[in-house]
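For the numbers below, each heavy atom of this structure counts, side chains included, while hydrogens, waters and symmetry mates do not. Only a predicted model underlies this, so the values are computations on that prediction, with no experimental measurement involved.
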Amino acid sequence: MHETSHAGAIWIRDDRHAIAVGVLVWTLVVLMIVPDGLDYSALHTAQAPTAGSPVTRMLWLGLLGFGSVVVLWRSGLAWLVLRWLNPFLPAFLIIALASVTWSIDPSLSIRRDIRFITFMMIALAFMVIGWHGRRLQSVIRPILTIMLGGSLLFGLLSPQLAIHQESSAELVGAWRGLTSHKNALGALSCIGLIFWFHAWLTGEVRPAVALFGTGLCAICLLLSRSSTSLVTAAFVLLFLFMFLRAPAGLRRYMPIAIITFVAMLLIYSMAILRLVPGLDVLLSPIVALTGKDLSFTGRSEIWAIIVEHIHFSPYLGTGYGAYWSPVPGSPSLEFLQRMNFYPGSAHNGYLEIVNDLGFVGLACLIGYLAAYIRQSLQLLAMDRQKAALCLALFLQQGITNLSETHWLSAMSVNCVIMMLATADLARAHLQRRLQLHFGDPTDSIYRSVSLHPVSAPISLAEHEAARWT
């Protein structure tokens, strides 16, 4: 969007290059889902690669470069979006960048930092080119559907690669599709279900199309045999239905329900990590629902080893992403000695942050989550449908991160989607402010090749935003 005049509603909708930026987002999502070089035969190593293939590196450099060019080109509007962006997201990046100075593997931390910066550049570019109120779901929902459909086809054509061949009970017959693990496919299917169910409830797509998309996601979820994702999907879809279809008299209580859920999430996190004695009794319902034992399929032993390592640097951690470096001398190799297994992550998003960036990083994560909820609840009065989707994604991630590592992780597609949702929240709030001042934009498309009409209006918008704040 470009604002071209203070007087009169000459605010022209600009959809140029929207498809190109959408392709950048699709490319990023695909890169985060499939293994490097599409080498599914190497997944049994369960180790993070020390470096990507030349093609993969070129793609990542292209994403960072093009994303940065778009942000610089629309720097005025990008700055406005940043002013409304969850402040703990750039704060986390600053801490992650600073951690290079104390990291146990500085080169790996630098690579993770660059990837995180790429996420942010793509998210900002996505918000300043061709944005509209349904832009997030209209771009993310199709690519998730394509990847899940591809997973089904991959499983039928190459079952030896798309289906786990391990002999352990929890993996026998479980599909991973185009992802690297059954839990990744389960989480991706759950997110796809959220987008399609939301599209049906809000009428964004025809019922028949919504039924097809929902059915596809549900099939992939069942084939993944991810009990955590299955329970999460049931809970979040119920939340979405209640949030969007509940009688008006009950809607006033939804913010209270969200805050209650966050409190429960915190309590269960402490119970799972055995941080407070006596809270183990709260885990019984989870065990009954998921069919897991109290070790959560061996995760409790992983958590115990991670907690031991955290004691060496509890406040600042040992560097963003630096722990999981499968090279000689890495402390993560202790898992091979004690468990004869290399998990590749802490299998808990909250614990992973503490391990990487200490309690300072955890405080930043908590601030990010609180600010995200606050912005989502504030959006209720302006766009209830978008607020419902953002809150549903938060609930899904909040539960999933109890047993998987996704929060602010440069190795997770879930982090990409949440970062896009975070930037989308910022742009929605900014859009409301701009509409209050300039009115609604016109439907015509801005075609001028001159840069001067673009630069001046953005400066005016910056001036007005300063007045508003």
Side-chain angles (χ1 to χ4, degrees), residues 81-106 108-121 123-124 258-259 262-263 265-267 269-270 273 275 303 306-307 309-324 345-378 390-391 393-395 397-402 404-412 414-426 429:
V81 175
L82 276 173
R83 295 184 62 167
W84 287 94
L85 188 68
N86 188 321
F88 292 94
L89 190 58
F92 180 87
L93 176 59
I94 292 173
I95 296 173
L97 288 170
S99 74
V100 173
T101 60
W102 65 78
S103 174
I104 58 176
D105 190 339
L108 186 55
S109 292
I110 290 174
R111 293 201 297 273
R112 297 293 180 263
D113 287 335
I114 293 175
R115 180 171 288 196
F116 196 85
I117 292 172
T118 302
F119 291 177
M120 290 195 67
M121 289 296 103
L124 285 174
I258 295 294
I259 295 173
V262 174
L265 193 65
L266 178 61
I267 293 174
S269 298
M270 292 188 294
L273 300 178
L275 295 179
W303 298 336
I306 293 293
V307 169
H309 182 258
I310 288 174
H311 289 159
F312 291 105
S313 184
Y315 299 107
L316 294 177
T318 51
Y320 183 54
Y323 182 76
W324 300 105
S345 75
H347 285 278
N348 183 285
Y350 310 92
L351 195 60
E352 188 83 52
I353 293 294
V354 181
N355 191 42
D356 281 355
L357 300 174
F359 292 113
V360 172
L362 180 62
C364 191
L365 172 63
I366 293 173
Y368 165 77
L369 300 181
Y372 183 95
I373 295 171
R374 180 173 177 270
Q375 283 193 322
S376 299
L377 294 177
Q378 289 175 336
C390 291
L391 287 170
L393 290 173
F394 165 79
L395 295 179
Q397 288 297 299
I399 298 173
T400 303
N401 272 275
L402 292 174
E404 299 297 331
T405 300
H406 300 306
W407 282 137
L408 302 177
S409 169
M411 303 302 292
S412 172
N414 294 258
C415 177
V416 172
I417 294 173
M418 284 302 296
M419 192 173 294
L420 290 171
T422 302
D424 194 47
L425 275 172
H429 281 283

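- Thr405 places a side-chain N or O within donor-acceptor distance of the main-chain N or O of His347, the cut-off being under 3.5 Å.
- Closest approach of Trp407 to Ile353, counting heavy atoms only: O-CD1, 3.7 Å.
- In terms of heavy atoms, Gly321 sits closest to Arg112 at CA-CG, 4.1 Å.
- In this structure the side chain of Tyr350 reaches within 4.5 angstrom of the side chain of Leu402, judged on heavy atoms.
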Please output the side-chain donor-acceptor pairs of residues 370-378 that fall under 3.5 Å, not counting sequence neighbours, one pair per line with the distance.
unit_1: Tyr372; atom_1: OH; unit_2: Cys390; atom_2: O; d: 2.8
unit_1: Gln375; atom_1: NE2; unit_2: Trp84; atom_2: O; d: 2.8
unit_1: Ser376; atom_1: OG; unit_2: Tyr372; atom_2: O; d: 2.9

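- With sequence neighbours excluded, the residues forming a side chain to side chain contact (heavy atoms under 4.5 Å, CB included) with Ala423 are Leu85, Ala123, Met127, listed by chain and number.
- Between Cys415 and Leu408 the shortest heavy-atom distance is SG-CA, 3.6 Å.
- With values rounded to the nearest 0.5 angstrom, Leu89 atom CG is found 10.5 Å from Ile94 atom CD1.
- Here the CE-CG distance, from Met120 to Leu82, works out to 6.5 Å after rounding to the nearest 0.5 Å.
- Distance CD1/Ile110 to CG/Asp105: 9.5 Å, rounded to 0.5 Å.
- Evaluation of the salt bridge (charged side-chain N to carboxylate O under 4.0 Å, His left out) test over residues 415-425, restricted to residues two or more places apart or in two chains, returns Lys386-Asp424.
- Atom CG in Asp356 sits 10.0 Å away from atom CG in Leu351 (nearest 0.5 Å).
- Annotation: the span from Leu420 atom CG to Met418 atom CE amounts to 10.5 Å, rounded to 0.5 Å.
- For the pair Thr118/Met121, no side-chain contact is recorded, criterion being any heavy-atom separation below 4.5 Å from C-beta on.
- Under the ring-ring contact (aromatic ring centres under 6.0 Å, His included) criterion, Phe92 pairs with Phe116, Tyr320, not counting sequence neighbours.
- Interatomic distance, NE2 of His429 versus CZ of Arg83, reported as 15.5 Å (0.5 Å rounding).
- Of the listed residues (His406, Gln397, Glu404, Glu352), just one forms a side chain to side chain donor-acceptor pair (under 3.5 Å) with Ser412, and that residue is His406.
- Across Ala96 and Asp113, no two heavy atoms sit closer than the pair O-OD2, 3.1 Å.
- A distance-only check finds no donor-acceptor pair linking the side chain of Ser103 to the backbone of Val100 [under 3.5 Å].
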Check: residues 310-318 side-chain donor-acceptor pairs under 3.5 Å, at least two apart:
unit_1: Ser313; atom_1: OG; unit_2: Gly317; atom_2: N; d: 3.4
unit_1: Ser313; atom_1: OG; unit_2: Gly317; atom_2: O; d: 2.8
unit_1: Thr318; atom_1: OG1; unit_2: Asn355; atom_2: O; d: 3.4

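- Residues passing the ring-ring contact (aromatic ring centres under 6.0 Å, His included) test with His309, sequence neighbours excluded: Tyr323.
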